[in-house]
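What follows is a short report on a single structure.
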Amino acid sequence: MKLSIGNIFKGDKVVWMIFLFLCVISLIEVFSSSSSLTYNKASYWGPIIKHSLILGAGLVLMVIVQNIDCKYFKIATIFLLILSFVTLLWVLVAGQTTNGAQRWVSFLGIQFQPSEIAKGAIVLAVAQIMSAMQTEEGTEEKTFGYVLTIALPLMLLIFFENFSTALLIGIVVVGMMFYGRVSLRKIGKLIGVVALIGLVGILFVLLVGKDEAEPADSKTSLTEQTEKRQAGTLDKIFHRAGTWRGRILKFVNNEEVAPKDFDLDKDSQVGYANIAIASSEIVGKGPGNSETRDMLPQAFSDFIYAIIIEELGLAGGIFVMFLYIFLLWRAGRIADRCENYFPSFLVMGLALLLVVQAMFNMMVAVGLAPVTGQPLPLISKGGTSSIINCVYIGAILSVSISAKKKNRASVEA
């Protein structure tokens, strides 16, 4: 096959434009917000070169995936489900801890989050189940049970270390079931049950979660030590409860705090994110002119949207938000062109996965949601997560190519 621009940039041109815009914004803002990394590593260009190579690898994989007919994605479903289940168990037993969360495993020197693989595996499985059980009136009654049987075990394994990712997957699965014409009565019951479980879970976290700042008692009786050893397994499972409790209490606390009384050491993420956004105005300070990037933890990852608003202004923040909204809208257009159910459900599931995660990140940055560990897809500095997000875009482009060919064939006929 002759290599040309046309052969590389195949598929939906709007999706390509959105992807390239996000990558350009990513390169600019990651370079600007990585000052702490350049200082720690004594390398001015090191972090951005690494990020560029990761995006480049993601682009190569994206082009490869877009040239695979989407019907072959079904073959990967069972292997990805097994891999997700095994690695999620692995991360619970012997995962690597970063920033207090045990979410990573290392294999052959490559560190990755199994939850990133599990997200795509669940979307593939749900799309395949719903496509196989479609009728003229909607999906068969058994579809709902099959979807939960596949999704719930993986979501529960993710939940203990990464509540926000489990919630993200749940929203995507519900969205896919709604799009796939699963009974609204069953979806409504599921949402009600989840809301009730969520309320009970919040109460549980508030009761058992320990203040992370609370010092440990150095003098304990033999009985207390025995009780602690007996509760060791439970404490290990729910060791993130203290973090969740602190984030919930901070989010629901509406007490006005005077600027002079705000503790920037204790609440540095929220505090400096608010400073970045408040000082941005309409057009921002310009790329590379952020004044909070040196103080804001995870400025290049979880809170990069605050830096985007500070440097590009409210206009830039709104532009980035609409890029994700346009991605979802365009995915809907692609899905409508599909003659078969599987590619239609797959493209909507992957688009929902990217867009819902983006909305999570942006809501956290502007103070509309509790702090989570969700990066901004295709913009935040990342490793395997950035590459996997590129693969998702490649799968969407693959569907757009096959759907376009089918339309032409039907017209010619």
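We're numbering straight along the sequence, starting at 1. Please read these numbers as outputs of a predicted model, since none were measured by experiment.
In this model, a donor atom of one side chain and an acceptor atom of the other lie less than 3.5 Å apart for Gln374 and Thr165. Side chains of Tyr305 and Ser380: a donor-acceptor N/O pair is absent below 3.5 angstrom, by distance only. Side-chain contact, Thr77 with Gln128: a donor N or O sits under 3.5 Å from an acceptor N or O.
Each of Ile129, Leu190, Ile122 was scored for a side chain to side chain contact (heavy atoms under 4.5 Å, CB included) with Val147, with one residue passing: Ile129.
Side-chain atoms of Ser279 come within 3.5 Å of backbone N or O of Ile275 as a donor-acceptor pair. In terms of modelled atom types and a separation under 3.5 Å, the side chain of Asp12 and the main chain of Val15 share a donor-acceptor contact. Glu310 places no side-chain N or O within 3.5 Å of a backbone atom of Gly286 that could act as its donor or acceptor partner. The main-chain N or O of Leu80 is found under 3.5 Å from a side-chain atom of Ser84 such that the two form a donor-acceptor pair. No donor-acceptor pair under 3.5 Å is formed between the side chain of Thr87 and the backbone N or O of Trp90. Side-chain atoms of Ser32 never come within 3.5 Å of backbone atoms of Ile28 as a donor-acceptor pair (strictly under, hydrogens ignored).
Taking the six-membered ring where the residue is Trp, Tyr341 and Phe345 present parallel rings, their angle staying beneath 30° rather than reaching 60°.
Taking the ring centroids of Phe21 and Phe319, they lie under the 6.0 Å cut-off.
Taking the ring axis of Phe342 as reference, the NZ or CZ atom of Lys71 does not stay both within 45° of it and closer than 6.0 Å to the ring centre.
Counting heavy atoms from C-beta outward, Phe303 and Asn361 have side chains that stay 4.5 Å or more apart.
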